[in-house]
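Just so it is clear, the structure is predicted and the values come from calculations on it, not from any experiment. Count residues from 1 along the sequence.
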Amino acid sequence: MVREVSKSNSSPLDHTKELVATKYYGARVTELNGAQQQIDVFGRQFAKSWVIRFNSPEKADFVGFDGEFNEKTQSPKYSVNQIRNHRNRTTMYVTGTVVKP
């Protein structure tokens with residue numbers, strides 16, 4: 001999971017954000033392969049898309065998968081399209097659009 005965190009800065013005009021990556025173990029990742037599944041969930045079709053379920057409340061702006069995410073360059077990362085919070089769990093809907101640095 002990759003989150004954008006505001007830097008504490010003395011300049012009131014500097015609104016840059018820092019990306020912070022956190023590894024999370026135990027998430028259930030389901031890839032939506034079919035066009036009909038993607039249309040049912042997102043309303044349109046993507047090259048790739050995933051539904052990620054956590055057993056705790058989580059927040060993220062981007063998602064990087066183990067084995068392909070490089071922490072130095074912080075890429076490739078995929079945008080989180082929607083987050084749904086339930087009582088004891090969180091569901092993230094991630095689309096296959098790669099976010100460019």
Side-chain angles (χ1 to χ4, degrees):
M1 296 185 314
V2 181
R3 286 182 286 138
E4 289 182 339
V5 178
S6 297
K7 286 183 173 179
S8 60
N9 202 342
S10 61
S11 173
L13 299 177
D14 188 8
H15 298 289
T16 58
K17 296 193 178 202
E18 182 179 11
L19 294 177
V20 177
T22 306
K23 287 186 179 181
Y24 188 91
Y25 298 99
R28 293 184 310 275
V29 179
T30 304
E31 184 174 358
L32 299 175
N33 291 332
Q36 188 60 46
Q37 286 180 335
Q38 292 179 0
I39 290 171
D40 289 344
V41 174
F42 299 109
R44 57 187 239 202
Q45 187 176 359
F46 294 94
K48 290 183 176 181
S49 61
W50 300 270
V51 176
I52 305 172
R53 292 181 176 87
F54 301 93
N55 288 329
S56 61
E58 298 293 335
K59 292 183 180 181
D61 297 308
F62 308 104
V63 172
F65 293 107
D66 191 30
E68 68 177 36
F69 183 72
N70 185 348
E71 290 189 32
K72 284 186 177 180
T73 61
Q74 294 196 342
S75 65
K77 55 185 176 282
Y78 302 99
S79 61
V80 175
N81 198 4
Q82 186 179 59
I83 297 176
R84 293 186 183 168
N85 294 313
H86 308 285
R87 187 185 319 166
N88 294 328
R89 61 184 170 87
T90 303
T91 304
M92 289 185 192
Y93 297 90
V94 179
T95 58
T97 307
V98 177
V99 179
K100 308 245 180 198

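Closest non-hydrogen pair, R3 versus K59, comes out as CD-O, 3.2 Å. The shortest non-hydrogen separation linking T91 to R53 is OG1-CG, 3.9 Å.
For D40, the CG atom is densely surrounded, since the number of other residues' heavy atoms within 6.0 Å is greater than 12.
E71 has its side chain within reach of K23: a pair of non-hydrogen atoms, C-beta onward, lies under 4.5 Å apart. The shortest distance between side-chain heavy atoms of R28 and N55 falls below 4.5 Å. Between L19 and K77 the shortest side-chain heavy-atom distance falls below 4.5 Å.
Between Y24 and F54, the ring planes lie perpendicular to each other; the angle is over 60°, past the 30° to 60° tilted range.
Checking each of F69, W50, F62, Y93 against Y78 for a ring-ring contact (aromatic ring centres under 6.0 Å, His included) leaves exactly one that passes, namely W50.
Checked by atom type and distance alone, the side chain of T95 never pairs as donor or acceptor with a backbone atom of S49 at under 3.5 Å.
The CD1 atom of I83 lies 10.0 Å from the CD1 atom of I52; values are rounded to the nearest 0.5 Å. For the atom pair CZ (R84) and CZ (R89), the distance works out to 10.5 Å, reported to the nearest 0.5 Å.
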